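The structure appears below as structure tokens.
What you see is a predicted model, and the numbers here were worked out from it, not measured in a lab. We use all heavy atoms of the structure for the numbers below, so side chains are in, but hydrogens, waters and symmetry mates are not.
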Amino acid sequence: MTEQGDAAVAERKLPQSAAWRFAIVATLVARVYAGYKLIQLTSRLGWLNAAARYARHDRRSAHAIYRMAIRLEGLPIKACQFLGSRADILPEDYVQVLSQLQDRVPPRPFAVVKAVIERELGGPWQEAFAELDSVPIASASLAQVHHGRLPDGREVAIKVQYPEIARLVAIDLRNFAFLIRVLARLEPSFDFRIVIDEVEKYVPRELDFENEAANGNRMRQALAARRDVVVPEVFPALSTKRLLVMAYEPGVRLTDLEALRRLGLDPKDLARRLVEIFADQILIHGFFHADPHPGNILVQRDGRMVLLDFGLAKDLPPGFSAGIATLVAAIVSGDRPSVARAFRALGFKTRDASDESLWWLGEAFLGFAFRHKKAYADPEMVKLFNAEMPRIMRANPVIELPGDVLLIGRVLGLLSGISKQLGSEVDAQQLLMPYLGRVMLEAGRDATPQS
């Protein structure tokens, strides 16, 4: 580790060894899990006030998870960012507490940040920037962002990767994989081993800021025709694998309802446009931002949305968008065999030939939202799937699924949580149909022999 990295660790006292970090996470997971199981057991025995006891445990658990994430940083914070975005399915305490980690992680000292900048640039920061603010404008799981100014006067946002974060993420990935295997044995209904396999594949890419710069430039070109979206320009001459310099685009967080109303903006309209923007990415361009938590989406005074952080972006394989459109059309039709065929065409495999598991997966994916004319999950949906899905998946588990669909599912989950917070009244089926029709039309043209 570099001298600057050693100084940062000493300053923050981050637990560095794999065993230490594992012990902290495993102890907390066991405590939270045991608490819920105890309430569940005593409720079956007829003890009263189960709802109040669940609420107290939600509160305590949320704060304990928050403290653990702050202490460890790295991957635990990324997990909390996702959980804090799921207002559609998680108790309010989890959302209120964990959403604070989307862009307000305790920052590193400026001396550490300056050392990273100067090491990456190969000289004093004053050679590249006319100004560099010492107080960050945002700090998150892998990096923090400082405002600066170029010698020609242009304002920039300077994203600086924490010195030791790559090693900590590698440790956390191994620890999380082990814990998920243990959980799968204890609770077969919660087998997330396929998910952690995908996380191990994609998270390291987020540590490569040159990859993020390339993704950002590509998305900027893809969405150039939309006047309601801003993707900040990247300055490649000043960017490296651990330093990213881009145009400064101010705005308020998408889920800050009070700030949106002060600007005279309608949260429900923003929710609708957000779904349209991501339908555009996934269905039309086949390239999408795969981490749209609220800390990565700002809103400007004129209502334009600023998309940030393209470390996790996905390029879909040829024909995949058409496959998604076929799946959605089957879900809309309500025909179980068609839904199962569409899933299998995308690469899903189940243990046996029954269609039941894939049908329910389609309902969780979009079917329930379509039939209830919603853009987000709600307690009724969560209750239904918690009751039925474990039994169905045990009977015929999904044994293989494409990582592309997992990432799309992640995006849908994040958008669902944001839509709930914005009070969305979007009819998801009605909004998506024009995009689906366009995809199917293009697929038909591509399949037509040319004379």
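Taking the side chain as every heavy atom from C-beta outward, L422 and L254 approach each other to under 4.5 Å. The closest side-chain heavy-atom distance from Y162 to Q144 is below 4.5 Å. Under the 4.5 Å side-chain criterion, counting only non-hydrogen atoms from C-beta, Y94 is in contact with I65.
A cation-pi arrangement is absent between R242 and F209 under the rule of less than 6.0 angstrom and at most 45 degrees off the ring axis. Under the 6.0 Å distance and 45° angle rule, R149 does not count as a cation-pi partner of F129.
We find that K268 and D266 are not joined by a salt bridge, their nearest charged nitrogen and carboxylate oxygen being 4.0 Å or further apart. Classification of R108 and E164 as a salt-bridged pair holds, one side-chain N sitting under 4.0 Å from a carboxylate O. For D228 and R304, the salt-bridge test fails: no basic side-chain N is under 4.0 Å from an acidic carboxylate O. Taking a cutoff of 4.0 Å between a charged side-chain nitrogen and a carboxylate oxygen, D93 and R60 do not qualify as a salt bridge. In summary, E212 and K159 engage in a salt bridge, as defined by a charged side-chain N under 4.0 Å from a carboxylate O.
Results of the side chain to side chain contact (heavy atoms under 4.5 Å, CB included) test with F278 over L283, L412, V411, L414 single out V411 as the only residue that passes. Among the candidates L265, L257, V299, L298, the single residue satisfying the side chain to side chain contact (heavy atoms under 4.5 Å, CB included) test with V252 is V299. Checked options P76, P294, S141; the residue passing with Q81 is S141 (criterion: side chain to side chain contact (heavy atoms under 4.5 Å, CB included)).
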Walk me through whether E425 and R272 qualify under salt bridge (Lys or Arg N to Asp or Glu O under 4.0 Å). CA-CA 8 Å; E425 295 178 352; R272 176 189 58 78; over 6 Å; no
Task: Test salt bridge (Lys or Arg N to Asp or Glu O under 4.0 Å) applied to K78 and E206, step by step - done: CA-CA 11 Å; K78 289 202 70 64; E206 297 188 63; 3.0 Å; yes
(request) Could you give me the CA-CA distance, side-chain angles and deciding distance for H293 and F82, then say whether ring-ring contact (aromatic ring centres under 6.0 Å, His included) is met? (result) CA-CA 7 Å; H293 68 70; F82 178 76; 9.7 Å; no
Under the side chain to side chain donor-acceptor pair (under 3.5 Å) criterion, do H146 and D133 qualify, and how do the steps go? CA-CA 6 Å; H146 289 253; D133 294 349; over 6 Å; no
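Side-chain atoms of S424 never come within 3.5 Å of backbone atoms of K420 as a donor-acceptor pair (strictly under, hydrogens ignored). Checking side-chain atoms of E210 against main-chain N and O of S239 turns up no donor-acceptor pair under 3.5 Å. H289 places a side-chain N or O within donor-acceptor distance of the main-chain N or O of D291, the cut-off being under 3.5 Å. Side-chain atoms of H147 do not come within 3.5 Å of backbone N or O of A157 as any donor-acceptor pair.
If you take CG on D302 and CG on L263, they are separated by 10.0 Å, rounding to the nearest 0.5 Å. Distance check: Q161 CD to E120 CD gives 8.0 Å after rounding to the nearest 0.5 Å. The distance from atom CG of L308 to atom CD1 of I297, rounded to the nearest 0.5 Å, is 9.0 Å. Distance CG/L75 to CG/N175: 9.5 Å, rounded to 0.5 Å. Distance CZ/R21 to CZ/R71: 10.0 Å, rounded to 0.5 Å. Between atom CD of residue Q281 and atom NZ of residue K314 there is a gap of 14.5 Å, rounded to the nearest 0.5 Å.
For CD of E155, the number of neighbouring non-hydrogen atoms (other residues, nucleotides, ligands) closer than 6.0 Å is greater than 12. Heavy atoms from other residues, nucleotides or ligands lying under 6.0 Å from CZ of R205 number more than 12. Within 6.0 Å of CZ in R438 there are 12 or fewer heavy atoms belonging to other residues, nucleotides or ligands.
In this pair, Y36 and Y54 present their aromatic rings parallel. The plane angle is below 30°, not in the 30 to 60° band.
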